[in-house]
There are 2 protein chains.
Amino acid sequence: MLKVGRLADYGILILHHLGRVRPARLSMDTLAELTHVPLPTVRKLMRLLAEADLVVSKRGPLGGYELARSPQQISLADAITAIEGRPALTACASDRGHCELAGHCELAGRWPGVNALILQVLERTSLQDLGAGGSLHVPPPLLREPLCPEPPGRK
Amino acid sequence: MLKVGRLADYGILILHHLGRVRPARLSMDTLAELTHVPLPTVRKLMRLLAEADLVVSKRGPLGGYELARSPQQISLADAITAIEGRPALTACASDRGHCELAGHCELAGRWPGVNALILQVLERTSLQDLGAGGSLHVPPPLLREPLCPEPPGRK
DNA sequence: CTAATCGATACCGAGTTGGTATTCAATACA
DNA sequence: TGTATTGAATACCAACTCGGTATCGATTAG
Ligand code: SF4
Ligand code: SF4
């Protein structure tokens with residue numbers, strides 16, 4: 001658990017490849033071959049990525065997909081959210097999906113905090129950061145100041 | 001996805017309660033009633049938590065569970081790892097569980113980095129931090145220096 | 001007009017997860 | 001010594017989610 005699901009994993013891999021050839025275009029067929037991801041799965045993925053405006057599609061011969069923005073401007077959070085929805089560690093940290101224990105649970109108001117924390121990590125790590133050969137450092141300003149997305153929280 | 005599974009969620013909730021009454025002991029029965037988690041589920045959880053030495057058990061009348069260390073010394077990573085294994089965003093970031101694409105995948109050596117990142121967040125957030133009413137700030141030294149758990153990685 | 005390519009929908013099998021039941025072992029206390 | 005209380009261990013199961021497949025329709029370069 002606390003994994004990201006193969007779809008998202010594959011999706012990010014695809015985005016990575018699209019980034020490497022930018023601004024060229026790649027067809028689903030090529031992508032499947034390039035990434036060794038089964039073609040039908042690529043289909044499903046590209047639809048999601050296109051809906052989230054991370055890639056732009058072109059139909060017909062010479063068509064294919066192109067990265068919508070620069071690899072630096074696409075975060076892992078963007079990709080993951082596009083494919084499997086906004087990350088939410090617990091039910092009470094999610095928009096949809098209610099927890100029946102929420103009423104009695106003393107932690108119900110506390111989880112969104114940590115959730116936001118890991119969200120930030122994902123948001124501040126770009127495709128570029130992931131793909132580059134160098135050491136992957138996250139911008140310093142991360143988490144310096146106390147971070148409390150929830151007001152006093154005592155409902 | 002990118003959620004933590006109810007078991008782990010419940011487990012942490014239980015640990016939280018154990019922390020609040022420390023150094024007192026609580027029986028499974030009491031815990032179930034206190035947290036509204038179904039008793040059989042509590043059973044399964046306590047075994048895992050005990051195996052990981054996060055709690056110590058005492059049998060017989062007046063028996064029950066007691067937190068092994070102080071709430072400050074138990075991290076979310078500890079709890080999650082005890083219940084659902086070490087968090088691993090992708091297959092290639094996990095000890096066990098191989099990815100058949102690992103051979104061709106350009107990102108295979110890069111994921112452990114981000115994985116370590118979120119791991120750190122979880123490690124540096126203690127039960128105390130989660131339960132306390134204040135704003136939850138993570139210790140500053142997080143992520144300051146470049147972090148690259150993988151050597152050049154070019155196999 | 002035709003071939004290449006994306007778009008949408010519907011479906012499915014397998015694995016995982018969360019939850020349950022039952023039986024045995026240890027210990028405080030009378 | 002005996003008994004009630006509590007944890008330990010095992011086996012089991014139903015439901016859901018996930019990853020993957022198949023099929024057909026829409027668009028566009030040449
Ligand atoms: S309310 Fe409590 S139990 Fe329900 S999801 Fe949030 S933390 Fe977990
Ligand atoms: S190897 Fe590539 S595809 Fe396999 S898990 Fe790691 S990143 Fe995902």
Side-chain angles (χ1 to χ4, degrees), chain A residues 1-14 18 24-33 35-66 68 80 83-85 88 90-91 94 96-97 99-101, chain B residues 1-14 18 24-33 35-53 55-66 80 83-85 88 90-91 94 96-97 99-101:
Chain A
M1 252 308 153
L2 202 77
K3 57 182 164 61
V4 55
R6 286 195 188 171
L7 278 314
D9 182 355
Y10 291 165
I12 292 175
L13 178 56
I14 287 178
L18 285 178
R25 225 187 312 264
L26 291 178
S27 76
M28 283 177 167
D29 218 353
T30 315
L31 280 171
E33 186 177 352
T35 62
H36 296 83
V37 174
L39 176 61
T41 300
V42 176
R43 289 231 181 77
K44 178 180 283 190
L45 281 172
M46 297 323 284
R47 183 171 64 89
L48 295 171
L49 293 177
E51 273 177 3
D53 293 314
L54 295 182
V55 299
V56 293
S57 70
K58 181 98 181 280
R59 293 208 256 198
L62 298 183
Y65 289 92
E66 175 189 355
I80 294 175
I83 292 172
E84 48 190 29
T90 69
S94 168
R96 66 188 185 189
C99 173
E100 55 274 17
L101 307 194
Chain B
M1 255 306 157
L2 203 78
K3 57 181 166 51
V4 55
R6 286 194 189 172
L7 277 315
D9 183 354
Y10 291 165
I12 293 175
L13 178 55
I14 287 178
L18 284 178
R25 227 188 310 266
L26 290 178
S27 76
M28 284 178 167
D29 218 353
T30 315
L31 279 170
E33 186 177 350
T35 62
H36 296 85
V37 173
L39 176 62
T41 300
V42 176
R43 290 232 180 78
K44 179 179 285 188
L45 280 172
M46 296 323 285
R47 183 171 64 88
L48 295 171
L49 293 176
E51 273 177 3
D53 293 316
V55 299
V56 294
S57 70
K58 182 97 180 282
R59 292 207 256 197
L62 300 183
Y65 289 92
E66 175 190 356
I80 295 175
I83 293 173
E84 46 189 30
T90 69
S94 168
R96 66 190 184 187
C99 173
E100 55 273 19
L101 306 194

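Numbers restart at 1 for each chain; the letters A, B, ... are given by sequence-line order, proteins then strands.
Under the 4.5 Å side-chain criterion, counting only non-hydrogen atoms from C-beta, A:L31 is not in contact with A:L45. When side chains are defined from C-beta on, A:V37 counts as touching A:Y10, because their heavy atoms get closer than 4.5 Å. Under the 4.5 Å side-chain criterion, counting only non-hydrogen atoms from C-beta, A:M46 is in contact with A:I14.
Distance B:I14 CD1 to C:dG19 P: 11 Å, rounded to the nearest Å. For the pair A:E33 CD and C:dT5 P, the computed distance is 12 Å after rounding to whole Å. A:D29 has its CG atom 7 Å from the P atom of C:dT5, to the nearest Å.
B:E66 is linked by a side-chain contact (heavy atoms from CB on, under 4.5 Å) to B:P23, B:R25, B:V56, counting only residues two or more places apart in sequence or in another chain. B:A32 pairs by the side-chain contact (heavy atoms from CB on, under 4.5 Å) definition with B:L39, B:V42, not counting sequence neighbours. In this structure, B:T35 has no side chain to side chain donor-acceptor pair (under 3.5 Å) partners at least two apart in sequence or on a different chain.
Heavy atoms only, all atoms of each residue included: B:G11 and B:I83 are closest at CA-CD1, 3.7 Å.
Within the structure, the side chain to side chain donor-acceptor pair (under 3.5 Å) test picks out the following pairs touching residues 36-47 of chain B (sequence neighbours left out): B:R47-B:E51.
A sub-4.0 Å separation between OP1 or OP2 of C:dG7 and a side-chain N or O of A:S57 is present.
Using a 4.0 Å cut-off on heavy atoms, the residues of residues 45-56 of chain A that approach DNA chain C are A:R47, listed by number.
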For a quick check, with a 4.0 angstrom heavy-atom cut-off, what is the B/S/- contact string for nucleotides 14-30 of chain D, read 5' to 3'?
----SBBB---BBBBBS
